[in-house]
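Letters A, B, ... are given to chains in the order of the sequence lines, protein chains preceding strands, and every chain is numbered from 1. Note that these values count all heavy atoms, side chains included, but never hydrogens, waters or copies made by symmetry.
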Amino acid sequence: MLTEFGKIFAFLIFSIVFVLIALISAKIVAPARPTREKLLTYECGENPLGTPWIKFNFRFYVVALIFLIFDVEIVLLLPWAVTYRQWGLEGFAIGAIFLILLVLGMAYEWRKGDLEWERPLVRPPATPQASVETELHPVMENESPITEISN
Amino acid sequence: MIYDSLIELLKWLSITGPAASAIAAFINSIFPVVFIIPFALFAVYLERKVSAHMQDRLGPMRVGWHGWLQSFADILKLIQKEDVVPAQADRWLFNIAPVLAFVGSYAAFAAIPFTSTYVGSGIDLGIIFIVAISSLVVASLLMAGWASNNKYSLLGAMRSAAQIISYEIPTVVVILTLLCVTGTLSLYQLSENQTGNIFNWMIFGGYSGGWQKFALIPFMLVGMVILFISTLAEVNRTPFDIPEAESELVAGYHTEYTGMKFAMFFLAEYANMFAVSAIVSALFFGGYQSPFGYVGKLLGISWLVPFEQLFWFTMKGMFFVFVQMWLRWTLPRLRVDQLMNMCWKYLIPISIANFLIVAFLMAL
């Protein structure tokens, strides 16, 4: 006799088989004429510059960490919620205290600014009065005057 | 249950024991795909027609009457497309990602009840299983983005992963809210209990009697809206489609995919769209239950009832898919920081407050 999880296993097997059949049938029908240009990484028609495999922005890890905290607390709440109807007000008090602690933690994260999505600082655009040279070279403002370089 | 009837049928064909179980389970797992593929074909067509009519265009008109064969033409085209694997890509992960995407979204259908006679697997965990197995999709997106070795893909995948895991929290909090009221995680049990008439649906306070039923209605409404918004974000639909924002990231994580592998991502996306719609309808709108009685029961034809249930299930699912399309052509795309604010600063606090209120009402 198959358990209910066995049926899910059948689902997993079937979906893998389904995708493999689709991919193999496409492999038989579809042409395969690779050229060097075709196999280049797509970058809007330019030759790709540098590698995307870099150290990625830290804010994604912060989001993942906060998610992990919440997920663990939700897992702790699950069995409480399943049996909730048996406990009455006492059960509510226990769950509510736990949730309020969770909310306090979240308020702390909020206050510390961990929930903010860090944005790069945007420089205000040059004023209309500014000369053409500074608009073209806004980063060079603090360095030596442009006229000297061009001379 | 269809599984048991299959076992009976196999016994009649004198196949018993483990072989019968395995064959029945395998046939049992085929039914959702029979439903998903026509659905995906129809939904692609519907999406193009809906978007066209909302923009005062006609949409596909050439292939068949009002373009209804367009999806089949697309499938034929996708099968014949060359499968390009970029030279710089990580071949293994690049090839595994579409398989995993489809497996994750298909396995979710195992716990969704289609009719009172068919649910892939009657596990008690139900909805939690769906939330868990859907996380495979996140892994596949990250794989696809990383393996493509493409800047757009990687950015899209990272955004997508951050978005999906963030929006999982309001989803699960709303599920906890419902759990307090119903005490069951199984979508099949939940749908079975919401029988009778429209006022037994969870959106109208559920099937339990008493004054709580009426007090719950506004909070159920809030929960439903939060669940719908966060499931919308989990399937990367507009206004939450920054992972594949075509005007900035080309196509996000599937930029480098062509042909059948792209089609698998596409199929997984549409399967997910229907899966979340089915979950919203099973949790709040009675699942496969009819809003009024069944014609089959009225006439005393018992085999008609499952077909009616399948009809209602499809109709409710299609309605929410239509709402998703409607929103896509109505709302502009959110910015990344707005998206994260929306989740962490609005949806999560509101859903937790909602949860506490509902829990308090149920404790009284």
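- Within 6.0 Å of atom OH in B:Tyr346, 12 or fewer heavy atoms from other residues, nucleotides or ligands are found, so the atom counts as exposed in its surroundings.
- For the pair A:Glu4 (side chain) and B:Ser121 (backbone), a donor-acceptor distance under 3.5 Å is absent.
- Remark: B:Leu179 CG to A:Leu78 CG distance equals 6.5 Å, nearest 0.5 Å.
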(request) Begin from the C-alpha positions of A:Val19 and B:Tyr106 and carry the test side-chain contact (heavy atoms from CB on, under 4.5 Å) through to its verdict. (result) CA-CA 11 Å; A:Val19 179; B:Tyr106 189 69; over 6 Å; no

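- The most heavy-atom pairs under 4.5 Å with chain A, out of B:Ala162, B:Ala359, B:Ala25, B:Pro86, come from B:Ala359.
- Looking at A:Ile28, neither its backbone nor its side chain comes within 4.5 Å of chain B, counting heavy atoms on both sides.
- Rounding to the nearest 0.5 angstrom, the gap separating the CG atom in B:Asp83 from the CG atom in A:Leu23 is 7.5 Å.
- The structure places CE of B:Met264 at 10.0 Å from CG of A:Leu20, a figure rounded to the nearest 0.5 Å.
- Around NZ of B:Lys11, the count of heavy atoms belonging to other residues, nucleotides or ligands within 6.0 Å does not exceed 12.
- Counting heavy-atom pairs under 4.5 Å between each of B:Ala87, B:Gly122, B:Ala107, B:Ala89 and chain A puts B:Gly122 at the top.
- The parts of B:Asn150 that come within reach of chain A are both its backbone and its side chain, each placing non-hydrogen atoms under 4.5 angstrom from that chain.
- Heavy atoms of other residues, nucleotides or ligands lying less than 6.0 angstrom from CZ of B:Phe26 number more than 12.
- Between A:Val63 and B:Ser166, the closest side-chain pair of non-hydrogen atoms falls below 4.5 Å.
- For the atom pair CG (B:Leu100) and CD1 (A:Ile16), the distance works out to 8.5 Å, reported to the nearest 0.5 Å.
- Proximity of B:Ile133 to A:Phe11: side-chain heavy atoms (C-beta onward) are nowhere separated by under 4.5 Å.
- B:Gln80 touches chain A through backbone and side chain together, each having a heavy atom under 4.5 Å away.
- Taken from CZ in A:Phe18 to CD1 in B:Ile36, the straight-line distance is 8.5 Å, to the nearest 0.5 Å.
- Using a 4.5 Å cut-off between heavy atoms, B:Lys261 touches chain A through backbone and side chain atoms alike.
- Highest contact tally toward chain A, considering only B:Val99, B:Asn149, B:Val172, is held by B:Asn149 [criterion: heavy-atom pairs under 4.5 Å].
- For the options A:Val103, A:Thr83, A:Asp71, A:Ile66, heavy-atom pairs under 4.5 Å to chain B are most numerous at A:Ile66.
- For the atom pair B:Leu176 CG and A:Tyr84 OH, the distance stands at 12.0 Å (nearest 0.5 Å).
- Using a 4.5 Å heavy-atom threshold, the side chains of B:Pro349 and A:Trp110 count as touching.
- The greatest number of non-hydrogen atom pairs below 4.5 Å with chain A, out of B:Met362, B:Met158, B:Glu168, is found for B:Met158.
- The parts of A:Val82 that come within reach of chain B are both its backbone and its side chain, each placing non-hydrogen atoms under 4.5 angstrom from that chain.
- Looking at B:Leu78, neither its backbone nor its side chain comes within 4.5 Å of chain A, counting heavy atoms on both sides.
- Only the side chain of B:Val33 comes within contact range of chain A, judged by heavy atoms closer than 4.5 Å.
- Contacts of B:Ile23 with chain A are absent, with no heavy-atom separation under 4.5 Å from either backbone or side chain.
- Of the atoms belonging to B:Leu339, not a single heavy atom falls under 4.5 Å from chain A.
- Counting heavy-atom pairs under 4.5 Å between each of A:Ala22, A:Pro31, A:Ala26 and chain B puts A:Pro31 at the top.
- Within a 6.0 Å radius of OH in A:Tyr61, no more than 12 heavy atoms belonging to other residues, nucleotides or ligands are found.
- Between B:Val84 and A:Leu39, the closest side-chain pair of non-hydrogen atoms falls below 4.5 Å.
- For the options A:Ile13, A:Leu99, A:Leu12, heavy-atom pairs under 4.5 Å to chain B are most numerous at A:Leu99.
- Atom CD of A:Gln86 sits in a crowded spot, with more than 12 heavy atoms from other residues, nucleotides or ligands closer than 6.0 Å.
- A heavy-atom distance below 4.5 Å is not found between the side chains of B:Asn28 and A:Phe14.
- The residue among A:Met106, A:Arg33, A:Arg36 with the most heavy atom pairs within less than 4.5 Å of chain B is A:Arg33.
- With a 4.5 angstrom heavy-atom cutoff, B:Leu178 does not touch chain A via any of its atoms.
- Most heavy-atom pairs under 4.5 Å with chain A: of the set B:Gln338, B:Met340, B:Gln88, this distinction falls to B:Met340.
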